[in-house]
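Scope of the values below: all heavy atoms of this structure, side chains included, with no hydrogens, waters or symmetry mates. The shown structure was predicted, so the numbers you read here are calculated from the model rather than taken from an experiment. So you know, we letter chains A, B, ... as the sequences are listed, proteins then strands, and number each from 1.
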Amino acid sequence: MADILQGLNNPQKEAVTTVEGPVMVIAGAGSGKTKALTHRIAYMIQEGINPFSIMALTFTNKAAKEMKDRIMKLVDPHAARNVWMGTFHSIFARILRIEAQHLGFTPDFTIYDTDDSKQLINAILKERELDTKAYPAKYILHRISMAKSALYTPEDYCNNFEIQQQDLRANKPLVGEIFKSYNNRLQRANAMDFDDILFYTNVLLRDFPEILYKYQQRFEYILVDEYQDTNYAQYLIIRRIAAMRENICVVGDDAQSIYGFRGANIQNILNFKNDYPEQKLIRLEQNYRSTKTIVNAANSVIDHNKDQIKKKVWSDKEEGELITVLRATSDNEEGTLVANSIFGYKMSRQLNNKDFAILYRTNSQSRSIEEALRKQDIRYRIYGGLSFYDRKEVKDLLAYFRVVINPHDEQALLRIINYPARGIGKTTIERLMVVADERQKGIWDVIASETEPMPNDFNSGTVTKLRNFATMIRSFQTLLDKQNAIELAKHICNTVGIIKVLKEDDTPEGVARVQNIEELLNAIMEFSDKQVDEVTGEQNTVTLNKFMEDVALLTDQDKKDDEDDDYVTLMTIHSAKGLEFPYVYIVGLEENLFPGIQSLSTREDLEEERRLFYVALTRAETKLVLSHAESRYRWGNLTLSEPSRFIEEIDPSLIERTKKASFRGTSSFNEGVNFSNPFSKSFQTTREFQKRTTQSDTPYINKSAQKTESSEKFNSSDFNPASPDEIVEGMIVLHQKFGQGRVEKVEGVGPNKKASVFFDECGTKQLMLKFAKLNILKQ
DNA sequence: GATTGTGCCCTTTTT
DNA sequence: GGGCACAATC
């Protein structure tokens, strides 16, 4: 026990040892919040509390996993494993599967992701002949999500005066009706969306006292991480389960509440003391992560917010370096400056790629940064954006699995009924849907029904095709319990012919798709291995079912985390929450981007945006670099931008003032900045750099590369490259960086001539011939 | 019924 | 600058 408390400061110790009763920990950024939580759980286990009776709710799967790993290092790993630890969604989906029959679902209900929901909405709109412009799926889903998070049923929604007024004002009076159909369809498909998981958990705990009692008994101790980001539905679940014993510990920081847009309610944290008058309030205010400069900068920013619990976050680390602000003329130059800066620091300070993170407001900003990093040969990894599980081919295969497990899953069924093509076309599907609707059943019931025959107006060929499809799905279903996940997955894959179809496409994209399918199969295998490992000795077969339960709630964030790999991290600020890096770059600090244009209308929205900036600042341990561009391409056209107000909100004494542009300046702020600072960059380095960019061509050739076109003559004297006209298919060529390769395809004319070259070392690359310097080795 | 072509949105942020 | 829904064509 002594070691568990060792190395903790006093408030942390208090948070760890106050096991009984309601506790709220207000934890400033970097104040050792996770440490307090993990040590608390370890302490509880060591005190003899049954791990099965502890429920710890986190915001992401990743956070849960990390905490579990840390606890396993503190106490008996077997015990640690038994703690109920996970996201709200994963823990309560688990419980809902156990209790599904009470709610009119079966235990293998499907979880619809946003994409499925969107498609379902669009299908409903089509049926009702509503214009998708008047009723954008996104808007409707947002409304529905808000309603569900506030525990409104479709009926509540329609009967609520205020809500109806809002929809009326937005000229969308039918949202409530669409909500009704949407929910009906979900139910018919034996499916829940993300919000339903929380909604139905509440229904379960509200309407079934004996079930509520059961879980109150089981979960004697409740911990909630990131409490500031909980919404009403989550709040009420906690409240209900904790009601009996009130052994509840919530940890959060109001200054880091950044999920208001999806219904998170900051009031939950502010009201904790009303809900639990006996509460003990513990403040963690010492920041162990960052330098004084960084902490003070963050404090000066958050001071501009009106809504906040006043606290004093402080650091007793060194002052540290001032914050650098980079000013670029364009988004591409911003990328270049950031890449150069990283390169400079790496060289001068012996740092690794993984010491750096580049954070941005929106995923779309990653492009220009990526391009620049590639040119500097800096390895990076992007988190978020299109996730692995969002790729089309992955979703297709998963849809097969979904249908096999739950044939009423209509979104999945529609996805695969004619993929790979088996002659079941649009008209057939439309007619099926009509019949299904008449019978108040799903499509599956129509095509698989033994008793009710297919309507006469289907021709016999179509009926055979449908029957064959149904028979195939059924044959998979019989294997569900008999075969383990990976065997069945492979069997489905082969029988259906997905890989065969994909292999017909030998473009780079096609090859990537096959690889993705293989990766998915690997993931299933890994999952199976892990399951066996976890239950020591016990070898329980992992069914596909089991895998699919997990997969719906996985995101990219949770995927492999190769610690040893050396990559610069690129991610949105939202996904960076909870992480820390020595060097942090926050890019795109411009008005209308960060703060975003949509947040400028109300104070609340602007304050959330400011908290987001606060989160970004406080990720840094050693050094912060901010950047903004004066112009930026947004959805195709050039827009001019002012520097963000947030830059000015930082105490100016903490910022290294970049002098107004003097390109020949020989300034020396510090050794690392020579590369990074546009104003200290000598003319020589500029040239040097341009040379690099023109030589090492990548598929990403566009504006920035074109800018350097003027210097091409200057460069080309060094080499003896073939002229673009000479390059034809079948040639063996040599590229400066990619080495030897074979020209597979040439397209375009004149200056736009492009070639696909397969390089032995790095696969196929698209090259713009006017930039790529290729030596012809063999005609 | 499938394949190719065209126009139209779009960009917050995520379980 | 791109992905996706729908339309036109084979």
Side-chain angles (χ1 to χ4, degrees), chain A residues 57-64 86-93 111-115 117-119 122-123 125-126 132-133 136-138 141-142 145 148-149 192-198 226 229-231 233-234 257-264 331 359-368 383-387 389-392 418-430 461-462 465 509 551-558 571-577 588 592-600 605 608-609 611-613 615-616 632-639 700 702-703:
Chain A
L57 297 164
T58 60
F59 200 63
T60 62
N61 293 303
K62 192 177 172 186
T87 62
F88 275 88
H89 288 85
S90 67
I91 295 268
F92 292 112
I111 297 170
Y112 273 12
D113 65 18
T114 316
D115 216 53
S117 300
K118 214 174 121 192
Q119 281 173 30
N122 278 325
L125 291 176
K126 204 164 180 184
T132 46
K133 272 164 218 136
K138 241 187 112 176
L141 275 176
H142 181 244
S145 175
K148 286 184 175 176
S149 307
M192 295 192 190
D193 66 18
F194 286 133
D195 299 306
D196 280 338
I197 295 174
L198 305 176
E226 309 281 13
D229 288 327
T230 52
N231 62 27
Q234 291 168 323
S257 161
I258 54 175
Y259 283 95
F261 69 93
R262 87 177 201 215
D331 47 356
L359 309 180
Y360 34 78
R361 176 70 239 262
T362 65
N363 276 308
S364 59
Q365 287 168 257
S366 68
R367 277 185 75 101
S368 52
Y383 293 80
L386 51 130
S387 127
Y389 292 101
D390 283 341
R391 310 234 166 97
K392 183 187 171 300
N418 197 33
Y419 180 85
R422 51 175 73 87
I424 302 174
K426 211 165 82 184
T427 20
T428 308
I429 291 169
E430 263 166 26
T462 310
K465 286 173 193 162
E509 297 82 34
V551 98
L553 298 170
L554 279 184
T555 64
D556 243 21
Q557 320 286 315
D558 314 319
M571 54 169 61
T572 63
I573 301 166
H574 281 88
S575 17
K577 192 162 84 150
N592 298 336
L593 179 61
F594 192 20
I597 192 154
Q598 72 297 327
S599 66
L600 298 178
D605 287 347
E608 174 149 320
E609 206 78 353
R611 292 193 293 269
L612 192 58
F613 185 49
V615 168
R632 175 177 300 277
Y633 274 92
R634 295 240 255 169
W635 49 93
N637 33 14
L638 197 68
T639 42
Y700 296 86
N702 57 19
K703 295 145 242 140

So which heavy atom on A/Q365 is nearest to which on A/L593, and how close?
-> NE2-CD2, 3.6 Å
Side chain of A/F194 (C-beta onward), nearest among B/dG1, C/dG1, B/dT15 = B/dT15
Rounded to whole Å, the CG-P distance (A/N418 to B/dT3) equals 10 Å
Looking just at side-chain N and O atoms, do A/E430 and A/T427 make a donor-acceptor pair shorter than 3.5 Å?
-> no
Can you tell me how far P of C/dG2 sits from CG of A/N363, to the nearest Å?
-> 16 Å
Think A/K138 has a side-chain N or O under 4.0 angstrom from the OP1 or OP2 of B/dT11?
-> yes
So which nucleotide from C/dG2, B/dG1, B/dT13 ends up closest to the side chain of A/R367?
-> C/dG2
Pick base, sugar-phosphate or nothing for A/F88, based on heavy-atom distances below 4.0 Å to the nucleic acid.
-> nothing
Between A/R422 and A/S364, the residue closer to the 5' end of DNA chain B by nearest nucleotide is A/R422
Nearest-angstrom distance from the residue atom CG of A/D229 to P of B/dT14 = 12 Å
Nucleotide B/dA2, atom P - distance to CD1 of A/I429 in whole Å = 9 Å
Report yes if the side chains of A/D113 and A/F194 come closer than 4.5 Å at any heavy-atom pair, otherwise no.
-> yes
Selection from B/dT14, B/dT15, B/dG1 that lies nearest to any side-chain heavy atom of A/T428 = B/dG1
Classify the nucleic acid contact of A/T427 as base, sugar-phosphate or nothing, counting any heavy atom under 4.0 Å across all strands shown.
-> sugar-phosphate
Separation of the P atoms in C/dC4 and B/dT13, to the nearest angstrom | 15 Å
From the list C/dG2, B/dT12, B/dT14, which nucleotide is the closest neighbour of the side chain of A/Q598?
-> B/dT12
Can the ring centroids of A/F261 and A/H142 be said to lie less than 6.0 angstrom from one another?
-> no
Separation of A/I111 atom CD1 from B/dT15 atom C1', in whole Å?
-> 10 Å
Between CG of A/D195 and C1' of B/dT15 the distance, given in whole Å, is 9 Å
Looking at B/dT13, does its base get a donor-acceptor pair with the side chain of A/R361 below 3.5 Å?
-> yes
Length of the OH-P vector between A/Y360 and B/dT12, whole Å = 16 Å
Hey, does the Lys NZ or Arg CZ of A/K577 hover above the aromatic six-ring of A/Y259, less than 6.0 Å from the centre and inside 45° of the axis?
-> no
A/T60 side-chain N/O to B/dT15 phosphate OP1/OP2 under 4.0 Å | no
Student check: side-chain heavy atoms of A/K148 and A/D193 closer than 4.5 Å | yes
Would A/F261 count as stacked on B/dT12 if the rule is ring centres under 5.5 Å and plane angle under 30°?
-> no
In whole Å, what is the span from the CZ atom of A/F613 to the P atom of B/dT12?
-> 21 Å
Judged by nearest nucleotide, the residue sitting upstream toward the 5' end of DNA chain B, A/L612 or A/K465, is A/K465
Think A/T572 has a side-chain N or O under 4.0 angstrom from the OP1 or OP2 of B/dT14?
-> yes
